[in-house]
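These numbers come from a predicted model, not from an experiment. Atoms considered below: every heavy atom in the structure, side chains included; atoms not considered: hydrogens, waters and symmetry mates. Throughout, protein chains are lettered first and strands after them, A, B, ... in sequence-line order, and every chain is numbered starting at 1.
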Protein chains: 2
Amino acid sequence: MESEQFLKLDNQLCFAIYACSREITRLYRPFLDELGITYPQFLTLTVLWEHKRLTVKEIGERLFLDSGTLTPMLKRMEAMELVKRVRGTEDERKVYIALTERGEQLREDALNLPEKCIPHFGLTKDEYSGLLNQMNQMIESLQKVTR
Amino acid sequence: MESEQFLKLDNQLCFAIYACSREITRLYRPFLDELGITYPQFLTLTVLWEHKRLTVKEIGERLFLDSGTLTPMLKRMEAMELVKRVRGTEDERKVYIALTERGEQLREDALNLPEKCIPHFGLTKDEYSGLLNQMNQMIESLQKVTR
DNA sequence: GATAATTAAATTGTGCACAATTTAATTGCG
DNA sequence: CGCAATTAAATTGTGCACAATTTAATTATC
């Protein structure tokens, strides 16, 4: 039947996406190594470059990560002096994350990172944005079920 | 400039793929929980259902994983009696991984897993296979650089 | 206004993922 | 043959990812 076909590794989109995600991380790694950060740390900085100051929860909402992942990572980033962690005063449950000078400056070094990496994806501009759309659509569909 | 745009989270295909991969794993989890396995373990079983007996290296070539990841995972799977690990006799560097009875049987329970999950991707049949092709193409392009 | 329910982070514990190194076996080569 | 180079797994160490629980603060309700 069809079931048999779907169970083959080569026919599984989920495996292709999982493998692709790891290959992209591998592509980014040498560039990120130069900056002294990991890929998830780069994503965290990316949202902070856009929003300056966010709570742990707000970062989590954007990256789809929870405090179990973020808290230890943000502590490492604080130790590297990339971010400051400040407990809220009006609501003491919240912890605000803001960039340090160093965290701000890192943006300049990261600015050309996408341009250096994206060409290796082997996609045309249209394919890139088409794929971006489809992926975001898919994420939305999936989140309706998984949340 | 364009650089600024590329650095925004919403424009980064790499983030979309990373997030999508994790959402798919989240979708599969409850079904895999019933089988008592994780997603990477499911992928390992998938290649073994296709090939019966493979070395650690051969599994790694198919899943793009190294012994640092596979050895401990395969030991856990051996403890769960899903696979047998047998050191090669003609070449003692190799370790052959084969399914146990239980590992074989699990295939029946996993057979309908793709059918249960794929509809939630929110894709048409054509979109699914188109995306599968593009992802595999992308993986190939990336591996030319990262290997 | 006390208390129950909710919320935000942190903590605990398990399982990848992967770089780097180690160990042991095999192959290549002079 | 003898030894260097290579190969296959295993090991070591770091960093996510996430479920489940805990802690502490805030909000809702009576």
Heavy-atom contacts under 4.0 Å between residues 25-56 of chain A and DNA chain C, which residues? A:Arg26, A:Arg29, A:Thr55, A:Val56
Salt bridge (charged side-chain N to carboxylate O under 4.0 Å, His left out) partners for B:Asp91, two or more places apart: B:Arg93
Please, which pairs that meet ring pair (Phe, Tyr, Trp, His ring centres under 6.0 Å) have at least one residue in residues 102-141 of chain B, sequence neighbours excluded? none
Not counting sequence neighbours, which residues clear side-chain hydrogen bond (donor to acceptor under 3.5 Å, both in side chains) with B:Thr25? List them please. none
Whole angstroms only, please: what is the CG-P distance between A:Leu70 and D:dA17? 9 Å
Locate the shortest heavy-atom distance separating B:Ala110 from B:Pro114; write the atom from each residue and the value. O-CD, 3.6 Å
Excluding sequence neighbours, so at least two apart, what forms side-chain hydrogen bond (donor to acceptor under 3.5 Å, both in side chains) with B:Arg107? A:Glu4
Any side-chain N or O of A:Arg87 below 4.0 angstrom from OP1/OP2 of C:dA8? no
Checking the side chain of B:Glu23 only, and the main-chain atoms of B:Cys20 only, is there a donor and an acceptor separated by less than 3.5 Å? no
Distances under 3.5 Å between nitrogen or oxygen atoms of protein and nucleotides 5-7 of chain C:
from	atom 1	to	atom 2	distance (Å)
C:dT7	O2	A:Arg93	NH1	3.0

Quick check on the helix from C:dG1-D:dC30 to C:dG30-D:dC1: what's the angle between its two end axes, five base pairs per end, to the nearest 10°? 10°
Among pairs that include at least one residue of residues 76-90 of chain A, which meet side-chain hydrogen bond (donor to acceptor under 3.5 Å, both in side chains), considering only residues two or more places apart or in two chains? A:Glu78-A:Arg85, A:Glu90-A:Tyr96
Tell me which residues in residues 12-22 of chain B lie within less than 4.0 Å of DNA chain D, going by non-hydrogen atoms. B:Tyr18, B:Arg22
Classify B:Glu90 by what it touches in the nucleic acid, base, sugar-phosphate, or nothing, heavy-atom distance under 4.0 Å. sugar-phosphate
Applied to residues 37-63 of chain A, the ring pair (Phe, Tyr, Trp, His ring centres under 6.0 Å) test, sequence neighbours excluded, yields A:Tyr28-A:Tyr39, A:Tyr39-B:Tyr18
Determine yes or no for a side-chain-to-main-chain donor-acceptor pair under 3.5 angstrom, with B:Ser67 supplying the side chain and B:Leu70 the backbone. no
Please tabulate, one pair per line, all N/O donor-acceptor pairs under 3.5 Å involving side-chain atoms of residues 130-145 of chain B, not counting sequence neighbours.
from	atom 1	to	atom 2	distance (Å)
B:Asn133	ND2	B:Ser129	O	3.4
B:Asn136	ND2	B:Leu132	O	3.2
B:Ser141	OG	B:Gln137	O	3.2

Below 4.0 Å: OP1/OP2 of D:dA17 and any side-chain N or O of A:Thr69: no
Sidechain-backbone polar pair: B:Thr69 side chain, B:Leu65 backbone, donor-acceptor under 3.5 Å: no
Is the backbone N or O of B:Thr38 less than 3.5 Å from a side-chain atom of B:Gln41, with the two atoms forming a donor-acceptor pair by type? yes
Side chain of A:Glu115, backbone of A:Asn112: donor and acceptor closer than 3.5 Å? no
Identify each atom pair where a protein N or O and an N or O of nucleotides 1-5 of chain D are less than 3.5 Å apart, giving names and distance.
none

